[in-house]
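Remarks on the structure that follows.
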Amino acid sequence: MELNNKSLFREKCFVNGLWADSQKGNTIEVNNPATMQIIGKVPNFSAEETKSVIDNADKAFQSWKNTTAKERSIILKKWSDLIIENVDDLAKIMTIEQGKPLAEAKGEILMGASYIEFYAEEAKRVYGDIIPDPRPGKRIVIIKQPVGVVGAITPWNFPNSMITRKCAAALAVGCTTVVKPASQTPFSALAVAELAKVAGFPDGVFNIITGSAKEIGMELTKNPKVKKISFTGSTEVGKILMEQSASTVKKISMELGGHAPFIVFEDADIDEAVAGALQSKFRNSGQTCICTNRIFAHKTVYDTFLEKFTKEVKKIKVGNGLEEGIVSGPLIDKSSLEKVIDHVKDAVNVGAKIAVGGDVHPLGGNFYQPTVLSNVSTKAKITFEETFGPVAPVYKFSNDDEVIRMANDTHMDLPLFYSGKRKNLESC
Ligand code: NAP
């Protein structure tokens, strides 16, 4: 990997201000999903090693919590600036381990830096409240204080910004953090740790550990020194972490799976709707939690929308995200590819027609063709499950009540996209 700043590529965990291997020398290999080549290895930390990192983060908390908001803000701002300075290298690392096109990777990194900048500014504005007391002569004073060590577990689809968004908020208020990034994308996490070190966070304040999700996750959720868990990932894992966190009654924040509907009403500007659907469906090869997973088009515009949308999807250039002009990279791994294959086969078995795509990509590996399905039955798995891939099922609807019922027929609540002049749809 050719980088301007070679110190950004780290194959060790970042703990207590130092780069560390696992004591037993156990490692995990990391692949490039576009080429299947091994990029490098990272340590496979045990529960015991995780415990020791938490102990150090707890020690660091005792002094970090007493720093002023201004001191924390200065370090955070420096961290954000360093990320922006190193955007090209960070994007390259991300594309190589995650697969998204370089331009998308750069966009994510700048967004990640902006989260840090935002919290650097907010650090100085953590106000309290004074509330009238029902008893005479008294007032209730509320002050906000850092809770302690925060455990952050992050996904592979946004390997930079999910870390900066969680950690910058925690660090800004005086908490310390122990992060476990996804095993497919640890290098983006370790690169931002290098920049955190340069920015000047004291030892033990920001830590990144890699390894077995179950072992590390169990220690983070059961250890009483961890006061809060922040998780972004699948709904299944979120439920496990909630259960495990119950015994120590931790504070928890979860961002889980999505199944976003996209509605094209009869009065929509169809070209605008097509552009919106392309963006919200195919960004990151359909692997974002807010990705449109179901498109509903009114029966009077269904055929026009389908034709124009299919024409644009045919133009999507698939390939290695490092190459010029690539818009869609590979899926992250074999099991993701298998899920996409299964969803399309199942939809076709219950009546869907393939407007474009519908199969693995000739490039092989983890690549799948950008796909549009028409005539999709509401019995198809894709109607109920998050696909997390470049497949757009298009359903027909007749009236508002019907489409609002269809759009809401999910237990996963992420955004609603729509095109047309409806008012107050957000409240449906
Ligand atoms: P995932 O399988 O839930 O993994 C997410 C993280 O959890 C990874 O770091 C993973 O580690 C870890 N993990 C897995 N099993 C664990 C366990 N038993 N205990 C503790 N940690 C565990 O999800 P994913 O496949 O990476 O990400 C895709 C999902 O994330 C999708 O459902 C997507 O919608 C959701 N997502 C949501 C948002 C949002 O803002 N709502 C944003 C992005 C993604 P390993 O990698 O080591 O297994």
Side-chain angles (χ1 to χ4, degrees), residues 13 22 26-31 33 41-47 50 97-100 104 108 111-112 115 151-167 169 178-190 208-223 226 229-246 250 252-260 280-281 283-294 331-340 343 366 384-389 410-415:
C13 291
S22 151
N26 296 336
T27 54
I28 299 173
E29 283 179 349
V30 183
N31 283 313
K41 292 184 216 152
V42 289
N44 188 352
F45 260 36
S46 64
T50 305
E97 68 177 353
Q98 202 277 341
K100 67 176 70 176
E104 263 189 53
E108 181 189 334
M111 178 65 81
Y115 293 140
I153 303 177
T154 55
W156 49 263
N157 59 348
F158 288 95
N160 172 294
S161 60
M162 291 299 113
I163 293 175
T164 59
R165 189 162 73 177
K166 292 179 188 313
C167 294
V178 178
V179 184
K180 195 218 86 68
S183 297
Q184 291 102 327
T185 56
F187 294 123
S188 294
L190 296 165
I208 303 258
I209 53 174
T210 54
S212 154
K214 278 194 184 147
E215 271 198 49
I216 295 175
M218 187 66 84
E219 187 59 37
L220 284 174
T221 47
K222 299 274 180 189
N223 190 315
V226 176
I229 291 289
S230 177
F231 171 71
T232 300
S234 62
T235 306
E236 299 74 51
V237 173
K239 286 181 193 168
I240 295 171
L241 297 176
M242 280 175 103
E243 255 181 60
Q244 288 175 187
S245 298
K250 290 197 199 316
I252 44 178
S253 295
M254 304 256 154
E255 293 184 311
L256 306 176
H259 195 43
S280 74
K281 173 69 254 183
R283 186 164 68 109
N284 203 1
S285 303
Q287 303 171 110
T288 84
C289 57
I290 57 167
C291 262
T292 292
N293 213 43
R294 300 162 293 153
L331 290 162
I332 190 72
D333 57 21
K334 269 274 157 303
S335 73
S336 298
L337 181 72
E338 277 158 16
K339 186 172 190 191
V340 170
H343 273 198
N366 294 337
F384 301 103
E385 292 176 23
E386 187 183 27
T387 310
F388 236 50
T410 171
H411 61 280
M412 291 188 269
D413 303 323
L414 276 168

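Note that ligands are numbered from 1 as they come in the structure, with each ligand's atoms numbered from 1 the same way. Here the structure is a predicted model, which means the values were calculated and not measured. Heads up: numbering here begins at 1 and tracks the sequence.
Counted within 6.0 Å of NZ on K339, heavy atoms from surrounding residues, nucleotides or ligands total more than 12; the atom is thus considered enclosed.
Listed by atom number, the atoms of ligand 1 under 4.0 Å from Q184 heavy atoms are 46 (O).
Only the side chain of E386 comes within 4.0 Å of ligand 1, judged by heavy-atom distances.
Nearest residue to atom 19 (N) of ligand 1 from G233, C289, A213 is A213 (criterion: closest heavy atom). Scanning L256, T232, I332, V237 for the heavy atom closest to atom 42 (C) of ligand 1 points to T232. The closest non-hydrogen atom to atom 3 (O) of ligand 1, taken over S234, S161, G151, A182, comes from S234.
Close N/O approach between T288 and ligand 1 is not found [any backbone or side-chain N/O within under 3.5 Å].
For the ligand labelled ligand 1, residue M218 lies outside the 4.0 Å heavy-atom shell.
Residues E219 and K180 are not paired through a salt bridge, judged by the lack of any N-O separation under 4.0 Å between the basic side chain and the carboxylate.
To the nearest 0.5 Å, the span separating CD on Q98 from CG on N160 amounts to 11.5 Å. To the nearest 0.5 Å, atoms CG (N157) and CD1 (I332) are separated by 8.5 Å.
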Can I get a per-line list of side-chain donor-acceptor pairs under 3.5 Å for residues 237-245, giving both atom names and the distance, sequence neighbours left out?
residue	atom	partner	partner atom	Å
Q244	NE2	T221	OG1	2.9
S245	OG	L241	O	2.7

